[in-house]
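Everything below concerns the one structure shown next.
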Amino acid sequence: RPASLSTLEALRDFIGDCNRCKLSEGRTHLVFGEGSPRATLVFVGEGPGRDEDAEGRPFVGEAGKLLTKIIEKGMGLRRKDVYICNVVKCRPPKNRVPERDEIESCLPFLKKQLEIIRPGVICALGLTAAQSLLGRPFTMGRERGTWVSFQDIPMMPTYHPAYLLRNPSAKRQVWEDVQKVMKLMNLEVRKE
Ligand code: URA
């Protein structure tokens, strides 16, 4: 486990041309994460999809466009001022859910990113992010929209934007969860 890395750049260099798990076999780009190292809010997704693998950047496909809209139109922030990353840094084949051994290989790097940034709040997008950071089983239907924590940092689990693309009626619940994050950050919640 990388212990003494103090910057995101140093962590990225440490990860290098990674072959620690089998996801490296199918990837085009390792998607480390992007945004401000001084971000007070970090969004954590599951893993890169096709567009992210092609570009080497997180959340740039359809789900990413929706996340960007939530950040910019919903929260009134700029995407570059938050930090966005994933549990696994390489695309799983056919976008399957990352397997236990893949998560185990990559999770220390996500944890290190969060320890370096030390945000005031984390938003976990989807089940994989929530249960990986919590280190316990998690039920989205029962626990989304409730405050949990990762190493004393308040964390809000909510539905993944890809889920919202398939289930648009869940957008209202995500907006409620995002408003809780905004209140914690002292951001103004404007009327719709
Ligand atoms: N879905 C994710 O979980 N992460 C991305 O970066 C893109 C889509």
Side-chain angles (χ1 to χ4, degrees), residues 8 11-12 15 18 21-24 26-37 39 41-75 77-114 117 119 121-135 138-140 143-144 148 150 155-168 170-171 173-174 177-178 181:
L8 293 170
L11 176 62
R12 179 65 191 89
I15 294 172
C18 187
C21 89
K22 60 187 179 296
L23 292 181
S24 63
R27 73 158 183 254
T28 307
H29 289 106
L30 187 153
V31 180
F32 178 70
E34 68 179 17
S36 172
L41 169 61
V42 174
F43 288 92
V44 179
E46 179 173 283
R50 180 177 23 90
D51 298 309
E52 291 76 21
D53 178 61
E55 266 200 56
R57 298 176 55 212
F59 282 100
V60 292
E62 285 309 310
K65 284 179 193 151
L66 181 51
L67 177 62
T68 302
K69 192 174 155 193
I70 291 167
I71 294 166
E72 303 206 323
K73 303 259 167 49
M75 305 185 81
L77 299 171
R78 285 176 296 198
R79 178 176 155 120
K80 69 172 177 59
D81 293 333
V82 303
Y83 194 83
I84 303 174
C85 57
N86 286 298
V87 173
V88 296
K89 310 303 191 212
C90 297
R91 184 197 183 193
K94 298 176 185 166
N95 297 347
R96 65 160 169 73
V97 174
E99 292 171 0
R100 198 176 194 86
D101 59 315
E102 296 156 358
I103 293 173
E104 204 173 282
S105 296
C106 217
L107 188 59
F109 303 134
L110 170 61
K111 290 184 174 177
K112 199 73 212 173
Q113 283 171 304
L114 293 168
I117 299 168
V121 56
I122 298 166
C123 184
L125 301 170
L127 184 63
T128 299
Q131 70 187 8
S132 298
L133 287 171
L134 286 170
F138 180 88
T139 309
M140 190 56 72
E143 293 189 80
R144 64 140 272 280
V148 294
F150 170 75
M155 180 162 85
M156 177 57 63
T158 194
Y159 292 123
H160 193 289
Y163 175 84
L164 296 182
L165 294 173
R166 300 188 301 270
N167 302 275
K171 285 182 184 178
Q173 289 168 296
V174 169
D177 303 346
V178 165
V181 172

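Note: hydrogens, waters and symmetry copies are ignored here, and every other heavy atom, side chains too, is used. For ligands, and for the atoms within them, numbers begin at 1 and follow the listed sequence.
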(request) For a salt bridge (Lys or Arg N to Asp or Glu O under 4.0 Å) with E34, tell me which candidate from K80, R12, K89, R57 qualifies. (result) R57
(request) Would you please determine whether G47 falls within less than 4.0 Å of ligand 1 on a heavy-atom basis? (result) yes
(message) Using a 4.0 Å cut-off to any heavy atom of G45, which atoms of ligand 1 qualify?
(response) 3 (O)
(message) Is there a polar contact, in the sense of an N or O pair closer than 3.5 Å, between P48 and ligand 1?
(response) no
(message) Suppose we measure from atom 4 (N) of ligand 1 to each protein heavy atom; which comes out shortest, and what is that distance?
(response) N86 OD1, 2.7 Å
(message) If you compare all heavy atoms of V87 against all heavy atoms of T128, which two are closest, and at what distance to 0.1 Å?
(response) CG2-O, 4.1 Å
(message) Holding to ring-ring contact (aromatic ring centres under 6.0 Å, His included), I want the full list of residues that pass it with Y159, two or more places apart in sequence or in another chain.
(response) Y163
(message) Give the atom numbers and elements of ligand 1 that come within less than 4.0 Å of a heavy atom of H160.
(response) 1 (N), 2 (C), 3 (O)
(message) Can you tell me which residue among I84, I122, L125, N86 is in a side-chain contact (heavy atoms from CB on, under 4.5 Å) with V44?
(response) I122
(request) Among all protein heavy atoms, pick the one closest to atom 8 (C) of ligand 1 and tell me residue, atom and distance. (result) F59 CE2, 3.8 Å
(request) Could you list which atoms of ligand 1 come closer than 4.0 Å to a heavy atom of P58? (result) 6 (O)
(message) Closer than 4.0 angstrom, basic N to acidic O: yes or no for K22 and E102?
(response) yes
(request) For E46, take its heavy atoms, then give the atoms of ligand 1 lying under 4.0 Å from any of them. (result) 2 (C), 3 (O)
(request) Establish, from distance only, whether the side-chain atoms of D53 and T28 form a donor-acceptor pair under 3.5 Å. (result) yes
